[in-house]
Amino acid sequence: MSETPPQTPDFAAMTRDIAEVPAVEVIVTVAVNLMSAAAVKLGLTEEGDVHKDLDEARKLVTALAGLLDAAAPEISTFHAAPLRDGLKSLQLAFREASLVPDEPGQGPGEKYTGPVFG
C-alpha cells in the first residue's frame, strides 16, 4: 500500500473564498464561535461539567464582550442585539457557576458592558 501525500491547503482558493464573505458575516461567525466555546467552558452543554473551566470561560466571555463593544456600530442592531443577549446570558451563567462571585462590574467582559444583573 502506498500512502497518499498529505494535501496542502489551497491558500489562493481560501483567500478568494474569504474575500467574498461580507465583514458582518465574519464578525458574527467569530462571535458565535466565541459564544459556543464559552458555553462549553461554562459546562452548559450536554456533557455538563466534563469540559468546565471557568478561567478559560472568563477569557472567552471577555473576548466576546470586547469584540461586540468594538463591532456593534459596524454590524447594526439587527445583528448586535441577539449577540448582546447571548453575551449577557453567558455572563450571568458565569456568575452563577462561580464559587466566589465577582464584584459587580468585575465579571468577565463587564469592563465593556458594565455590571450585569439578572
Side-chain angles (χ1 to χ4, degrees):
M1 279 190 276
S2 66
E3 289 187 32
T4 319
Q7 296 288 329
T8 57
D10 182 357
F11 292 112
M14 289 176 14
T15 301
R16 280 191 307 276
D17 290 345
I18 199 71
E20 296 171 9
V21 179
V24 170
E25 190 174 326
V26 173
I27 293 166
V28 169
T29 299
V30 170
V32 169
N33 285 330
L34 287 168
M35 292 174 92
S36 298
V40 169
K41 296 297 184 179
L42 285 167
L44 302 176
T45 61
E46 290 181 14
E47 293 91 17
D49 290 349
V50 172
H51 303 290
K52 189 173 183 178
D53 183 335
L54 294 183
D55 184 52
E56 291 289 300
R58 178 184 293 278
K59 293 170 188 169
L60 292 162
V61 172
T62 299
L64 174 62
L67 173 64
L68 293 181
D69 183 55
E74 306 298 329
I75 63 174
S76 80
T77 302
F78 176 79
H79 294 288
L83 294 172
R84 282 193 188 116
D85 290 344
L87 170 60
K88 182 177 179 182
S89 295
L90 291 168
Q91 289 171 309
L92 292 171
F94 185 94
R95 185 172 300 284
E96 187 176 305
S98 297
L99 295 176
V100 180
D102 295 311
E103 292 293 320
Q106 300 302 308
E110 289 183 353
K111 69 181 178 181
Y112 300 107
T113 63
V116 175
F117 302 101

Residue pairs passing the salt bridge (Lys or Arg N to Asp or Glu O under 4.0 Å) test with at least one member in residues 29-40, sequence neighbours excluded, are none
If you compare all heavy atoms of [X] against all heavy atoms of [Y], which two are closest, and at what distance to 0.1 Å?
X: Glu103; Y: Glu110; answer: O-OE1, 4.0 Å
X: Ala57; Y: Ala38; answer: CB-O, 4.3 Å
X: Pro73; Y: Ala70; answer: CD-O, 3.6 Å

Joint cluster assignment, Leu54 & Leu87, ILVMFWY side-chain distance < 4.5 Å: yes
Are Leu68 and Met35 grouped together when hydrophobic residues (ILVMFWY) are joined by side-chain heavy atoms under 4.5 angstrom apart? yes
Separation of Leu42 CG from Leu92 CG (nearest 0.5 Å): 11.0 Å
How far does NE2 of His51 sit from CG of Leu44, to the nearest 0.5 angstrom? 12.5 Å
Pairs where residues 36-47 contributes a residue and the test side-chain hydrogen bond (donor to acceptor under 3.5 Å, both in side chains) is met, not counting sequence neighbours: Thr45-Glu47
Pairs where residues 20-34 contributes a residue and the test side-chain hydrogen bond (donor to acceptor under 3.5 Å, both in side chains) is met, not counting sequence neighbours: none
Among Ile75, Leu83, Leu34, side-chain contact (heavy atoms from CB on, under 4.5 Å) partner for Leu67: Leu34
Residues forming a salt bridge (charged side-chain N to carboxylate O under 4.0 Å, His left out) with Glu56, sequence neighbours excluded: Lys59
Name all residues meeting the salt bridge (charged side-chain N to carboxylate O under 4.0 Å, His left out) criterion together with Asp102; count only those two or more places apart in sequence or in a different chain, and write none if there are none. Arg58
Check whether any side-chain heavy atom of Val32 lies under 4.5 Å from a side-chain heavy atom of Val28, and answer yes or no. yes
Under 3.5 Å, which donor-acceptor pairs link side chains of residues 111-118 to any protein atom two or more places apart or in another chain?
{"unit_1": "Thr113", "atom_1": "OG1", "unit_2": "Gln91", "atom_2": "NE2", "d": "3.2"}
{"unit_1": "Thr113", "atom_1": "OG1", "unit_2": "Gly109", "atom_2": "O", "d": "3.4"}

